[in-house]
Amino acid sequence: MNILPSLLAKQVQGIWSKNRLLFAVILLTLAISLTLLMSLSLGAVPLSFEEMLQALLRRGDELKQTILWDLRIPRILAAIVVGSALGMSGALLQGMLRNSLADPFILGISAGAGLVVIVMVVLQVFQAWIPLAAWVGAILTTAIVIFLGRSGNKLSVERLILGGVAVSSLFGAVQSTLLLLAEDGQIQQALNWLIGSLNGRGWREVSTAAPYVIIALIAGCLLARSLNLLALGDDLAVSLGVNLVRSRFLIAAVATLLAAGAVSVSGLIGFIGLVVPHGIRLLVGNDHRILLPLSALGGAWLLMFADLLSRLGAIELPVGSVTALLGSPLFIWLLYQRQANS
């Protein structure tokens, strides 16, 4: 009696292993489509399917058209842009550093962006320039960390990680000091940015960030071969013609552009770049030609879903809090699954 279930399980496992890429794409497509429809229809003003369709076609109630086109659609697009950028950025950094705990903020991206934002909020200067300043701060901080990571003519993985930790700790201490000196209203404004939120994001933010995020996503996919070779080890990668310094610099640069673009739109949102690549690896394996684009899709879905949850209650929550609440148990479960499969 116990033979049939075991044979059935082996047969299902065989079918999954042969078609897991197809299954993963179908699963992500269904999840994104369902979450997109729910995000368009649910909120403070629920819309029926018919009302949503009419509003999409610019017909019917003008208020519902405004809600859909001026509030929900740009916010959903912002979630897609930010989530896909964080998802691929995490996959790039984990592949480059060969460290499964790496995420887009390990190179000091969050520390640099957060410090710049807090300085501008506390000093009440150039408030309209905060997104651009956060983007520049993230890139400059990562450049410093990459400089610290150089060991002679090489780019040391260990020095990169240690440099990121050191810079993040230093900037975090400065952030805490500035927040202690700030007024209550300034603290709230700074925390909204540091926690991460998509509230109020419109067409301007999407149109500003989307072009260079899309370019960086394409560039990231083109780096898949280098990541696959780096996964074999430095010595073997060099023997196969890989320039370690140039490859790691390009990967770090693209990952930084992706994460900085996400930060400039939403502030600091954690766990997307850490959790999503782990989940995609469980589905399709470690081939970066598949892992990178699916990580972008997975990140887009997860942030869309978290943003939907954040605005379903009586009080809207920052989406960064929701991703942390979702990401922590999900990451624990993924680690358990990875251990069970090893």
Side-chain angles (χ1 to χ4, degrees), residues 21-88 131 192 196-215 217-218 261-262 264-267 269 272 275-276 279-280 283 293-323 325-327 330:
L21 174 58
L22 177 61
F23 289 152
V25 171
I26 293 174
L27 182 64
L28 277 175
T29 302
L30 289 175
I32 290 173
S33 301
L34 182 60
T35 307
L36 178 61
L37 287 174
M38 294 175 65
S39 298
L40 288 172
S41 60
L42 298 179
V45 180
L47 301 176
S48 67
F49 180 77
E50 184 179 353
E51 291 172 335
M52 181 182 69
L53 190 58
Q54 286 185 341
L56 282 173
L57 297 174
R58 298 283 191 179
R59 297 175 183 172
D61 192 341
E62 290 187 3
L63 176 60
K64 291 174 182 176
Q65 293 182 39
T66 301
I67 290 173
L68 201 65
W69 283 99
D70 294 342
L71 297 177
R72 290 185 186 171
I73 290 179
R75 181 166 177 160
I76 291 169
L77 290 176
I80 292 173
V81 169
V82 172
S84 60
L86 292 176
M88 183 179 285
N192 283 337
S197 176
L198 292 172
N199 186 24
R201 302 310 188 264
W203 290 108
R204 181 173 64 86
E205 289 82 4
V206 172
S207 60
T208 301
Y212 60 81
V213 168
I214 291 172
I215 292 172
L217 288 172
I218 295 171
S264 71
V265 174
S266 64
I269 295 178
I272 299 289
V275 171
V276 169
I280 299 299
L283 291 175
L294 290 190
S295 292
L297 287 177
W301 168 75
L302 185 56
L303 191 55
M304 247 202 313
F305 181 69
D307 183 55
L308 173 63
L309 293 180
S310 73
R311 54 189 174 88
L312 285 182
I315 300 176
E316 181 174 326
L317 298 173
V319 71
S321 300
V322 178
T323 58
L325 291 171
L326 288 175
L330 183 59

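Every value quoted in this text rests on a predicted model; they were computed, and no experiment measured them.
- Side-chain contact between Ile280 and Leu297 is absent, with no heavy atoms from C-beta onward closer than 4.5 Å.
- Looking at residues two or more places apart in sequence or on another chain, you find a side-chain contact (heavy atoms from CB on, under 4.5 Å) between Leu312 and Leu42, Leu308, Leu309.
- With sequence neighbours excluded, the residues satisfying side chain to side chain donor-acceptor pair (under 3.5 Å) with Glu51 are Ser48, Lys64.
- Inter-residue side-chain proximity for Ile73 and Leu68 is flagged as met; some heavy-atom pair is nearer than 4.5 Å.
- One distance of note links CG of Leu326 with CG of Leu302; it measures 6.5 Å at 0.5 Å rounding.
- Partners of Thr35 under the side chain to side chain donor-acceptor pair (under 3.5 Å) rule, at least two apart in sequence or in another chain, are Trp301.
- In this structure, the side chain to side chain donor-acceptor pair (under 3.5 Å) partners of Ser264, at least two apart in sequence or on a different chain, are Tyr212.
- Between the Thr323 side chain and the Gly320 main chain, a donor and an acceptor come within less than 3.5 Å of each other.
- The two residues Leu294 and Ala24 have their closest heavy-atom pair at CD1-CB, 4.2 Å.
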* Starting from the C-alpha separation in whole Å, work towards a yes-or-no answer on side-chain contact (heavy atoms from CB on, under 4.5 Å) for Met52 and Leu37. => CA-CA 9 Å; Met52 181 182 69; Leu37 287 174; 4.0 Å; yes

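- When all heavy atoms are compared, the tightest approach of Gly298 to Val276 is C-CG1, 3.9 Å.
- Side-chain contact between Arg311 and Asn199: absent, with no pair of heavy atoms (C-beta onward) separated by less than 4.5 Å.
- Contact between Val81 and Ala210 at its shortest, heavy atoms only, is CG2-CB, 4.1 Å.
- Proximity of Ser266 to Val319: side-chain heavy atoms (C-beta onward) are nowhere separated by under 4.5 Å.
- In this structure, the separation between OG on Ser207 and CG on Leu77 is 10.5 Å, given to the nearest 0.5 Å.
- Across every non-hydrogen atom of Pro211 and Val206, the tightest pair is CD-O, 4.2 Å.
- Here the straight-line distance linking atom CG of Leu303 with atom CD1 of Ile76 works out to 11.5 Å at 0.5 Å rounding.
- At a threshold of 4.5 Å between non-hydrogen side-chain atoms, the residues Phe23 and Leu283 do not count as touching.
- Using a distance-only test at 3.5 Å, with no hydrogens or angles considered, a donor-acceptor pair links the side chain of Arg72 to the main chain of Leu40.
- Under the 4.5 Å side-chain criterion, counting only non-hydrogen atoms from C-beta, Val322 is not in contact with Phe305.
- Separating the CG atom in Leu57 from the CG atom in Leu53 is a distance of 5.0 Å, to the nearest 0.5 Å.
- Looking at every heavy atom in both residues, Val265 comes nearest to Ala209 through CG2-CB, 3.3 Å.
- Applying the side chain to side chain donor-acceptor pair (under 3.5 Å) criterion to Arg75, with sequence neighbours excluded, gives Asp307, Glu316.
- Residues forming a side-chain contact (heavy atoms from CB on, under 4.5 Å) with Arg58 (at least two apart in sequence, or on another chain): Gln65, Trp69.
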